[in-house]
Amino acid sequence: MPQHVLITGGNRGIGRAIAEAFVATGDDVVVTSRSGTDGPGGATTVACDVTDTASVDAAFAAAEEHFGGPVEVVVANAGITEDTLLMRMTDEQFDSVIDTNLAGAFRCARRATKGMIRNKGGRIIFVSSVVGLLGGPGQVNYAASKAGLVGMARSIARELGKKAITANVVAPGFIDTDMTRALPEAQRKAYVDSIPAARLAEPDEVAQVVRFLASDAASYINGAVIPVDGGLGMGH
Ligand code: NDP
């Protein structure tokens with residue numbers, strides 16, 4: 001059965017690859033875009049800024065109208081970085097990353113569960129990061145936001161597990177997207193040197209894991225953190 005899937009930040013990077021993976025398996029896919037650029041072919045794009053509750057609500061309403069029913073799979077992927085050392089980090093830099101990465105995922109999960117409870121099932125998937133558990137210099141805001149997703153997913157799993165709703169976390173390592181292309185070359189090299197796989201991943205390598213978590217085969221996986229990091233975070 002094709003699923004009704006909503007992916008935030010599906011216009012580029014990892015979110016776009018996730019959308020392509022669901023389109024490839026015949027699912028009905030809505031991606032949200034903040035900037036207005038479209039998601040991949042076969043997906044429907046709706047506007048959404050995840051820092052704005054009304055915008056999230058409007059995006060879900062548009063998706064539900066498109067599907068003719070509730071969102072069955074939500075992938076909270078939209079995220080930003082604002083890296084700087086702790087001593088220099090402003091309140092605004094801290095707040096904006098938490099508001100987008102953590103509160104944005106909360107707004108989407110909260111909105112999605114209304115339909116999922118009525119539908120007696122659903123899949124909530126958060127895109128976290130290896131940095132959430134490993135930490136990263138200059139990433140106090142980002143790491144806190146990504147670690148927060150783990151507690152959030154596990155709380156949702158405990159609240160809604162008996163309603164056949166699962167909440168899981170995918171924790172990518174170092175993926176070749178705009179986000180990592182923005183890093184200085186020396187920093188990219190230092191990261192690659194520390195990854196057992198000795199390379200960056202392609203966005204599709206994350207997308208396939210998200211696709212699996214939404215499948216029937218993953219029905220008993222709940223509150224899990226699945227690393228997709230080439231071994232970078234092993235042991236945490
Ligand atoms: P990109 O920078 O390539 O894309 C980020 C996406 O998030 C864009 O679609 C962007 O929309 C969207 N977005 C940002 N802010 C908002 C907002 N306020 N409301 C709605 N959408 C927003 O990032 P990646 O594809 O690399 O990252 C995707 C996710 O994966 C993020 O959560 C990131 O933290 C995580 N991740 C990435 C890793 C990597 O190595 N790349 C590693 C680990 C985790 P727009 O185009 O409109 O700006």
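These numbers were taken from a predicted model, which means no experiment stands behind them. Start at 1 and go down the list; that is how both ligands and their atoms are numbered.
For atom 25 (O) of ligand 1, the closest non-hydrogen atom of the protein is I14 N, 2.8 Å. In this structure, atom 48 (O) of ligand 1 lies nearest to the protein heavy atom R34 NH2, 2.6 Å. Counting only heavy atoms of the protein, atom 20 (C) of ligand 1 lies nearest to C48 O, 3.3 Å. At the top of the distance list for atom 3 (O) of ligand 1, counting protein heavy atoms only, stands R12 NH1, 3.5 Å. Scanning the protein heavy atoms around atom 18 (N) of ligand 1, the nearest turns out to be D49 OD1, 3.0 Å.
Per-residue contacts place T100 under 4.0 angstrom from the following atoms of ligand 1 (heavy atoms of the residue considered): 15 (N), 16 (C), 18 (N). Close approach of ligand 1 to S35 (heavy-atom distance below 4.0 Å) involves ligand atoms 45 (P), 46 (O), 47 (O). Taking every non-hydrogen atom of I80 and a distance limit under 4.0 Å, the qualifying atoms of ligand 1 come out as 14 (C), 15 (N). Heavy-atom proximity to Y142, at under 4.0 Å, picks out these atoms of ligand 1: 33 (C), 34 (O), 35 (C), 36 (N), 43 (C), 44 (C). Interface of G13 with ligand 1, defined as ligand atoms under 4.0 Å from a residue heavy atom, comprises 3 (O), 25 (O). Ligand-side atoms of ligand 1 in range of G79: 5 (C), 7 (O), 14 (C), 31 (C), 32 (O), range being under 4.0 angstrom from any heavy atom. Residue I175 approaches ligand 1 through these ligand atoms, each under 4.0 Å from one of its heavy atoms: 39 (C), 40 (O), 41 (N). Interface atoms of ligand 1 facing K146, defined by a heavy-atom separation under 4.0 Å, are 31 (C), 32 (O), 33 (C), 34 (O).
Between T45 and T32, the closest side-chain pair of non-hydrogen atoms is not below 4.5 Å. Side-chain contact between P196 and M234: present, with at least one pair of heavy atoms (C-beta onward) separated by less than 4.5 Å. Contact annotation: the side chain of I226 never approaches that of V169 to less than 4.5 Å [non-hydrogen atoms, C-beta and beyond]. Looking at heavy atoms from C-beta onward, N101 lies in side-chain contact with K146 at the 4.5 angstrom threshold. Residues N168 and I124 are not in side-chain contact: their nearest non-hydrogen atoms beyond the backbone lie 4.5 Å or more apart. By the 4.5 Å heavy-atom criterion applied to side chains, T8 and V75 are not counted as neighbours. Looking at heavy atoms from C-beta onward, D27 lies in side-chain contact with R211 at the 4.5 angstrom threshold.
Side-chain N or O atoms of R123 include none that pairs as donor or acceptor with a backbone N or O of V74 at under 3.5 Å. R16 places a side-chain N or O within 3.5 Å of a backbone atom of D38 that can act as its donor or acceptor partner. Checked by atom type and distance alone, the side chain of T100 never pairs as donor or acceptor with a backbone atom of V97 at under 3.5 Å. Side-chain N or O atoms of S129 include one that pairs as donor or acceptor with a backbone N or O of V131 at under 3.5 Å.
Of all the heavy atoms of R16, none lies under 4.0 Å from any atom of ligand 1, so neither backbone nor side chain is involved. Using a 4.0 Å cut-off between heavy atoms, S33 makes no contact with ligand 1 at all. Within the 4.0 Å heavy-atom criterion, both parts of N77, backbone and side chain, lie near ligand 1. Contact annotation: for T177 versus ligand 1, heavy atoms closer than 4.0 Å belong to the side chain alone.
Here's the thing with S129: none of its N/O atoms is less than 3.5 angstrom from an N/O atom of ligand 1. At a 3.5 angstrom cut-off on N or O pairs, V50 counts as close to ligand 1. Considering backbone and side-chain N/O of F174, none are found under 3.5 Å from N/O of ligand 1. The distance criterion of under 3.5 Å between nitrogen or oxygen atoms is met by G9 with respect to ligand 1.
Ring-plane geometry between F67 and H4 is classed as parallel, the angle between the planes falling under 30 degrees on a 0 to 90 degree scale with a further cut at 60.
Within the structure, ligand 1 has S128 among the residues with a heavy atom less than 4.0 angstrom away. For the ligand labelled ligand 1, residue G173 lies inside the 4.0 Å heavy-atom shell. Distances from ligand 1 to the non-hydrogen atoms of T8 include no value under 4.0 Å.
Selection from N101, V127, T180 by nearest heavy atom to atom 30 (O) of ligand 1 gives V127. Here atom 22 (C) of ligand 1 lies nearest to A78 when heavy atoms of P203, A105, A76, A78 are compared. Of the listed residues (I7, D99, V228, N11), the one carrying the non-hydrogen atom nearest atom 11 (O) of ligand 1 is N11.
Side-chain contact check for T166 and N222: no donor-acceptor pair (N or O, by modelled atom type) lies under 3.5 Å. Defined by atom type and a distance below 3.5 Å, a donor-acceptor pair is missing between the side-chain atoms of T84 and Q93.
Between R107 and D49 there is no salt bridge, since no side-chain N of the basic residue sits under 4.0 Å from a carboxylate O of the acidic one. Using a cutoff of 4.0 Å between basic side-chain nitrogens and carboxylate oxygens, R199 and E205 are scored as salt-bridged.
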